[in-house]
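Presented below is the structure to which this report refers.
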Number of protein chains: 2
Amino acid sequence: MIDQGISKQTLQRLPFYLGYLKTLDKVTVETVSATTIAEALNLNQVQVRKDLASVCSLGRPKIGYVTQELICEIEHFLGYDNAESAVIIGAGKLGKALLGYRGFEEYGLNIVAAFDADENVVGTEENGKKIFPMSKLKNLCERMKIHIGIITVPAEYAQRVCDSLVESGILAIWNFAPVHLTVPEHILVQNENMASSLAVLSKHLSQKFSEEAQKIG
Amino acid sequence: MIDQGISKQTLQRLPFYLGYLKTLDKVTVETVSATTIAEALNLNQVQVRKDLASVCSLGRPKIGYVTQELICEIEHFLGYDNAESAVIIGAGKLGKALLGYRGFEEYGLNIVAAFDADENVVGTEENGKKIFPMSKLKNLCERMKIHIGIITVPAEYAQRVCDSLVESGILAIWNFAPVHLTVPEHILVQNENMASSLAVLSKHLSQKFSEEAQKIG
DNA sequence: TAGATTGTTAATCGATTAACAATC
DNA sequence: TAGATTGTTAATCGATTAACAATC
C-alpha cells in the first residue's frame, strides 16, 4: 500500500504543479527541477520535492525530473486518467454552470445528470445533460454506480439532500452550500466554501484600509 | 489595533458559525454555548471558544453567548454590514452564474459589472448587470473605487487579466482559474480551487476502492 | 573535479487540543 | 453550594523549512 501518508495540503498542491508543467514547452523543456517549479509557484523548494516524492520516485540530481513523465505520474495519481461519474443536485444558476463546464472532464470528473425538486426545471437539459426529479436519484445512482454527489441547492435544503445522497450510495460529496453537513464516518465532504473565501478577501481589505487610516491619522 | 492576530483558519470558520447561529430560533434560543456550536459543527469546543474570543469579548460562564449579539458581532467583523464592490472578468458560464447569484450581497459583496474580451458578449446583461469590454476596466474600477476583482477566464488568460486588475487599482483577487497568479506583495489572491477540491474527492474514492480490493483480495 | 540538484534528517513554526483555574 | 461554562496556559501534533549528506 503506497500513498497512505499523503497530506491534504500536498494533494491540493498537485493540481497546481500539473497546471504549471503543462504550460512548459514539451520540446525544449525536457526536464524540470524542483527549484524551477518552486520559483514559478512561489513555494519552498523542499516542499515541492517532498510533494513530488510522494507521487513519483524519479528525480535525478543535477538534472531534475523528466517533464513528460512527471505530468503522467501526477495525472495518474490524481485519477485524471480514469474518470469518476458524478451527479449534481440543484439545477439553479450555479448547478447549471457546473453542468455546462467542460473543464471537469480534464480533471477526471464526468457529470452525468442533474436533479432538482422544481417541476419547471425537471425534464429540461443543459449541455446535453438531463435534469431529473429527485425521486429518480437513488435508482440512477445505484444503476450507474455513481459515487460523487455535488450539492448546489440553497443552504436550508442541503442537509436533506446530503442524506438522500448518502442513502443512494454516494461516497464523496462536493458541497457548494454554505453549511456544515453531518455525514456518516466513511463519507467525505469537501466544502467549496465561497463564504469563507469572501471572509478572507474582505478582511484583507478592511485591514489594508485601517492601516492606511493609521498612517494618515 | 485589534484583530491583527487572527488566523486564516479562524477567519474561514467564522462564516460557518454565523450560518449555524442563523438557523437558531431567535425567540427560544436567547443564548448559546461554545459546546453546543462545537457539537453541531463537529469541531472542538476550545477551538470554537478561541475563535469567538478573537471576534467578540462577551461570553459568560454558565450562560454562554447572547445569540443575537454574537451574530451581529461576527457579521460586523466579517464586514457583512458594509459591502465591498467587485467586478468579474470573464462572462462565460461561471462568470454569469456568479453575476446572477444573489446570495453574495448577504456576504457583503456587491458585484457591479462584468468584463469580457469577446465582442459577442459585450453589451449584454445578466441579472441587470452590464458586461463591458476590457478596455473600460481601468476607468470603471478607478471611478467606482473598486477593490475586488473576480477572475473567471480560462487558465491561459488569467495572469494577463490579473495584471490588468492590479493596474486598475484592485487590492484583492478571487481567482477561479486553475493557475497560480503572480502578484505584487500587497495584493491578496484567494484561490477558489476546484481542481484541488476534486483532487481531494477523487483520492478519497480511489483509496476507498483500494481498501475494498485489499479486504477481498 | 566542481556544482547543481536530489532526498533525508532535524529544527522550527503554527494550529489544535488538553488541562485547569476563574466565575456566574 | 455545585455544576456548567468560560478563558488561559501548557502540551501535542502536523506541516513547513533549514541543514546536510549523497549523487550525477
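So you know, we letter chains A, B, ... as the sequences are listed, proteins then strands, and number each from 1.
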Checklist entry - Do the side-chain N and O atoms of B:R13 and B:Q9 include a donor-acceptor pair separated by under 3.5 angstrom? => result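 No donor-acceptor contact under 3.5 Å links the two side chains.
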
Item to check | Short side-chain donor-acceptor distance under 3.5 Å, A:E84 and B:S202 | outcome: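 No, no side-chain donor-acceptor contact under 3.5 Å.
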
Between [X] and [Y], is there a donor-acceptor pair closer than 3.5 Å when you use the side chain of the first and the backbone of the second?
| X | Y | result |
| --- | --- | --- |
| A:T152 | A:I89 | yes |
| A:T10 | A:I6 | no |
| B:T67 | B:V29 | yes |

Checklist entry - Given B:F104 and B:W174, is the ring pair (Phe, Tyr, Trp, His ring centres under 6.0 Å) satisfied, shown in steps? => result CA-CA 13 Å; B:F104 288 139; B:W174 197 7; 5.7 Å; yes

Grab the [atom1]-[atom2] distance between [X] and [N] for me, whole Å please.
| X | N | atom1 | atom2 | value |
| --- | --- | --- | --- | --- |
| B:I63 | D:dG3 | CD1 | C1' | 13 Å |
| A:K62 | C:dA4 | NZ | P | 8 Å |
| A:D51 | D:dT17 | CG | C1' | 13 Å |
| B:Q47 | D:dG7 | CD | C1' | 15 Å |
| A:Q9 | C:dG14 | CD | P | 15 Å |
| A:Q12 | D:dA15 | CD | P | 12 Å |
| B:I6 | C:dA15 | CD1 | C1' | 13 Å |
| B:Q45 | D:dT8 | CD | P | 16 Å |

Checklist entry - Given the rule in the ring pair (Phe, Tyr, Trp, His ring centres under 6.0 Å) test, do B:Y17 and B:Y20 qualify, once you have shown the distances and angles that lead to the verdict? => result CA-CA 5 Å; B:Y17 298 151; B:Y20 170 71; 9.0 Å; no

Checklist entry - Considering only C:dT6, D:dA15, D:dT17, which nucleotide approaches the side chain of A:N44 most closely? => result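 Ranking C:dT6, D:dA15, D:dT17 by closest atom to the A:N44 side chain puts D:dT17 first.
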
Checklist entry - Taking the side chain of A:V46 as its heavy atoms from C-beta onward, which of C:dC24, D:dA19, D:dA15 lies nearest to it? => result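 Among the listed nucleotides, the one closest to the side chain of A:V46 is D:dA19.
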
Next on the checklist: For Watson-Crick and G-U wobble pairs within 3.5 Å on both distances, what is DNA chain C written in dot-bracket notation, | included for inter-strand pairing?
Outcome noted: ..||||||||||||||||||||||

Checklist entry - Can you tell me how far OG1 of A:T31 sits from CD of A:E69, rounded to the nearest 0.5 angstrom? => result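 The distance works out to 11.0 Å.
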
Checklist entry - Between the base of D:dT6 and the side chain of B:K50, is there any donor-acceptor pair under 3.5 Å? => result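 By the distance-only test, no, there is no pair.
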
Under 4.0 Å, counting only non-hydrogen atoms across every strand here, what does [X] touch: a base, just sugar-phosphate, or nothing?
| X | result |
| --- | --- |
| B:R49 | base |
| A:L52 | nothing |
| B:L43 | nothing |

Item to check | Considering all heavy atoms, the nearest B:L18-B:I71 contact | outcome: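 For B:L18 and B:I71, the tightest heavy-atom pair comes out as CD1-O, 3.7 Å.
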
Item to check | B:A172 versus B:I170, closest heavy-atom pair with distance | outcome: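 In this case the closest contact between B:A172 and B:I170 is O-CG2, 3.3 Å.
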
Next on the checklist: Which residues in residues 19-38 of chain B have a heavy atom closer than 4.0 Å to any atom of DNA chain D?
Outcome noted: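 Only B:S33, B:A34, B:T35 qualify.
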
Next on the checklist: Return whichever of B:C56 or A:K8 has its heavy-atom-nearest nucleotide of DNA chain D closer to the 5' end.
Outcome noted: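 By nearest-heavy-atom nucleotide position, the 5'-most residue is B:C56.
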
